[in-house]
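Single-structure report; data block below.
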Amino acid sequence: MKPSLPQGTRDFSADIIRRRRFILDTIKDVFELYGFEPLETPALENLETLMGKYGDEGDKLIFKILNNGLDNPLKKEEIQKGFNKILEGKNEKNITERALRYDLTIPFARYVSMNYGKLTMPYKRYQMQSVWRADRPQKGRYREFYQCDADVAGTNSLISDAELALIYQQVFRRLKIDVDIKINSRKILAALAEVCGGSDKMSAITVAIDKLDKIGIEKVKEELIENNLSVQQISVIESYLQIGGSNDEKLTKITTLLNNVETGQKGIEELKIILNYINEVAGQSSTSSINIDFTLARGLNYYTGIIYEVKAKNIEMGSIGGGGRYDDLTGLFGLPNIPGVGISFGVDRIYDVMTELNIFPEDINKSTTVLFFNLGEKESTVAFKEMQVLRNNGISCELFYENAKLDKQFKYASKKNIPFAIIIGSNEVEQKTCIVRDLLKAEQQTIPVDNLSSYFR
RNA sequence: GUGGUUGUAGCUCAGUUGGUUAGAGCAUCAGAUUGUGAUUCUGAGGGUCGUGGGUUCGAGCCCCAUCAUCCACCCCA
């Protein structure tokens with residue numbers, strides 16, 4: 001058979017893994033700097049755990065796993081019944097009861113619900129694992145990809161919201177990616193909906209205004225008309241969308257626009273508090289700005305407070321990070337009144353951005369430091385012994401496995417980016433010396449073998 | 001889920017209105033060179049043209065289906 005990969009999945013070769021690790025390590029270091037603890041959960045979850053958490057669109061994108069034993073003749077009848085339900089678009093336990101992880105937030109919520117008694121609250125966890133979505137692949141979109149999440153469960157303190165924004169700043173500063181960190185509040189969006197026809201219109205409104213960048217104000221208005229909003233309501237939304245200026249100016253204008261709506265004022269107040277925390281430390285570092293963007297909506301329907309989204313500047317790519325606050329996530333799993341807030345990094349998109357901008361560090365692909373040449377049985381035995389001395393000193397080495405032509409051994413070294421070659425031939429064996437060749441400078445010197453490890457120190 | 005694009009050697013790609021035995025560069029291997037590389041020269045291997053059907057005397061080329069790719073929409077990291 002001809003080998004192939006499932007759609008939207010990829011193999012990662014050594015050079016890609018080293019670059020991905022650079023990103024993952026950077027994120028992990030910053031998460032730990034802020035006191036988050038690691039967590040890993042299974043790739044599989046019960047389908048029931050995931051269904052209904054990501055909206056109707058989301059449910060369709062969950063990878064479901066077929067049960068085993070469907071060919072059991074004793075269960076034939078109920079399995080056929082179940083299959084008929086599947087054909088109607090319903091889920092049926094007899095056919096599928098497990099699914100691949102769709103994101104890291106719901107498994108986190110599930111974990112908190114199951115382990116509440118054991119956890120030190122507020123619980124701050126980070127998680128870096130792959131997730132799967134049955135989406136059609138395209139630029140920056142894969143069916144298997146990594147997310148890196150940091151969430152805080154069990155506190156309403158807006159300090160945590162502010163810290164998460166700072167984590168975004170710090171990570172992208174370390175990665176040297178210029179980003180736009182957008183912030184908004186679901187409470188403000190809810191208040192807008194309240195002013196414009198009631199809360200049942202909220203999702204239609206948010207979906208429409210979220211597209212402002214892409215399709216422009218006229219198309220947004222068309223979409224709102226299709227959703228049965230009145231001219232007057234649409235004009236309120238239009239003035240909402242026209243709010244501009246600095247963060248302070250935006251806050252002033254929105255306060256006026258939503259001055260009768262209590263939830264809106266609450267959302268504005270929260271935004272102010274968070275931005276104040278961020279401003280406290282602004283002088284210490286920030287290059288990438290945190291900006292209020294009232295068009296930001298975010299899809300996941302469990303957010304209730306602050307929402308974030310991060311986009312890379314100067315490049316065409318979907319968001320590379322997103323997150324927000326949810327008042328009651330674990331309630332769905334029987335543990336009410338636990339608020340949470342979290343952010344997510346999309347590693348694969350960050351990788352694509354860094355590749356396109358060509359901003360990975362130069363020296364990222366060094367692996368082996370020294371290649372010992374193989375010049376025969378006796379010679380390579382000596383080399384083998386000296387190689388182990390270097391390894392014991394923490395220098396990564398390889399001995400070429402065959403007594404091949406030097407030409408070939410040199411090429412192997414250059415292909416693997418190995419900077420040093422050590423040549424031990426019969427003369428060197430006799431004199432207890434070796435030739436150390438710097439392959440980048442094309443210079444070499446003969447030194448006593450006993451001095452090898454000090455040479456590389 | 002909807003629409004478009006592409007699929008020929010390990011890689012990047014040529015291949016004329018359908019016409020003998022499908023090509024190039026790079027890479028690989030062997031030799032020129034029996035201890036010093038990224039150079040040069042010579043030679044070799046490697047393809048059921050994504051897969052399965054169809055039209056035709058004849059298909060890499062035309063038609064249908066299918067799979068994969070890249071891209072856009074929906075949605076999202």
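Lettering of chains follows the sequences in order, A, B, ..., and the numbering in each one begins at 1.
Evaluation of atom-type donor-acceptor distances gives no pair under 3.5 Å for the side chain of A:Arg133 against the base of B:C75. On a pure distance criterion of 3.5 Å, no polar donor-acceptor pair joins the side chain of A:Arg136 and the base of B:C70.
Aromatic ring orientation, A:Phe373 versus A:Phe410: perpendicular (interplanar angle above 60°, classes split at 30° and 60°).
Residues passing the ring-ring contact (aromatic ring centres under 6.0 Å, His included) test with A:Tyr308, sequence neighbours excluded: none. Evaluation of the salt bridge (charged side-chain N to carboxylate O under 4.0 Å, His left out) rule for A:Asp328 yields no partner, not counting sequence neighbours. Listed by chain and residue number, nothing satisfies the salt bridge (charged side-chain N to carboxylate O under 4.0 Å, His left out) test with A:Arg136 (two or more places apart in sequence, or in another chain). Residues passing the ring-ring contact (aromatic ring centres under 6.0 Å, His included) test with A:Tyr351, sequence neighbours excluded: A:Phe360. A:Phe31 pairs by the ring-ring contact (aromatic ring centres under 6.0 Å, His included) definition with A:Tyr126, A:Phe345, not counting sequence neighbours. When the side-chain hydrogen bond (donor to acceptor under 3.5 Å, both in side chains) test is applied to A:Arg125, the partners found at least two apart in sequence or on another chain are A:Gln127, A:Asp151. With sequence neighbours excluded, the residues that form a ring-ring contact (aromatic ring centres under 6.0 Å, His included) with A:Phe400 are A:Tyr412.
Between the P atoms of B:G7 and B:U2, the separation comes to 23 Å (whole Å). Comparing the P positions of B:U16 and B:C63 gives a spacing of 15 Å, expressed to the nearest Å. One C1' atom belongs to B:U6, the other to B:C70, and the distance between them is 7 Å to the nearest Å. A gap of 27 Å separates the P atoms of B:A65 and B:C13, to the nearest Å. Nucleotides B:G60 and B:G23, compared at atom C1', are 12 Å apart to the nearest Å. B:C11 and B:A27 are spaced 7 Å apart, taking the C1' atom of each and rounding to whole Å. Comparing B:G10 with B:U28, their P atoms are spaced 15 Å from each other, to the whole Å. Using C1' as the reference atom, B:G1 and B:C62 are 31 Å apart when rounded to the nearest Å.
Residue A:Val347 is classed as having no contact, given no heavy-atom separation below 4.0 Å to the nucleic acid. Among the heavy atoms of the strands lying under 4.0 Å from A:Gly140 is at least one base atom, whether or not backbone atoms are also near. As judged by a 4.0 angstrom heavy-atom cut-off over every strand, A:Lys311 is placed among residues making no nucleic acid contact. Within 4.0 Å (heavy atoms only), A:Lys60 reaches no atom of the nucleic acid at all.
Residue A:Gln138 places none of its side-chain N or O atoms closer than 4.0 Å to OP1 or OP2 of B:C70.
Put simply, NZ on A:Lys53 is 20 Å from C1' on B:C75, counting in whole angstrom units. Rounded to whole Å, the distance from CG on A:Leu61 to P on B:A77 is 11 Å. Nucleotide B:C75 holds its C1' atom 10 Å from the CZ atom of A:Arg349, rounded to whole Å. In this structure, A:Ile177 atom CD1 and B:A77 atom P are separated by 17 Å, rounded to whole Å.
Stacking between A:Phe345 and the base of B:A77 is absent under the criterion of ring centres within 5.5 Å and planes under 30 degrees.
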Secondary structure of RNA chain B per the Watson-Crick/G-U criterion (both distances under 3.5 Å; [ ] crossing, | other strand, . unpaired) is ((((.((..((((.....[...)))).(((((.......))))).....(((((..]....))))))).))))....
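Counting only heavy atoms from C-beta outward, the side chains of A:Ile307 and A:Tyr326 never approach each other to under 4.5 Å.
Each of A:Asp15, A:Asp352, A:Asp348 was evaluated against A:Arg20; a single residue qualifies, A:Asp348, per the salt bridge (Lys or Arg N to Asp or Glu O under 4.0 Å) test.
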Letter by letter from the 5' end, nucleotides 34-42 of chain B scores (B base, S sugar-phosphate only, - none; protein heavy atoms under 4.0 Å) -BBBB----
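Position along RNA chain B of the nearest nucleotide to A:Lys139 versus A:Tyr146 favours A:Lys139 as the more 5'-ward residue.
A 6.0 Å sphere centred on CD of A:Glu316 holds no more than 12 heavy atoms belonging to other residues, nucleotides or ligands.
Sorted by first then second residue, the ring-ring contact (aromatic ring centres under 6.0 Å, His included) pairs that include residues 430-457 of chain A, not counting sequence neighbours, are A:Phe420-A:Phe456.
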Please tabulate, for the side chains in residues 422-434 of chain A, all donor-acceptor contacts under 3.5 angstrom to protein atoms that are two or more places apart in sequence or on a different chain.
from, atom 1, to, atom 2, distance (Å)
A:Glu428, OE1, A:Gly425, N, 2.9

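Heavy-atom distances under 4.0 Å link RNA chain B to A:Gln7, A:Gly8 of residues 5-18 of chain A, given in residue order.
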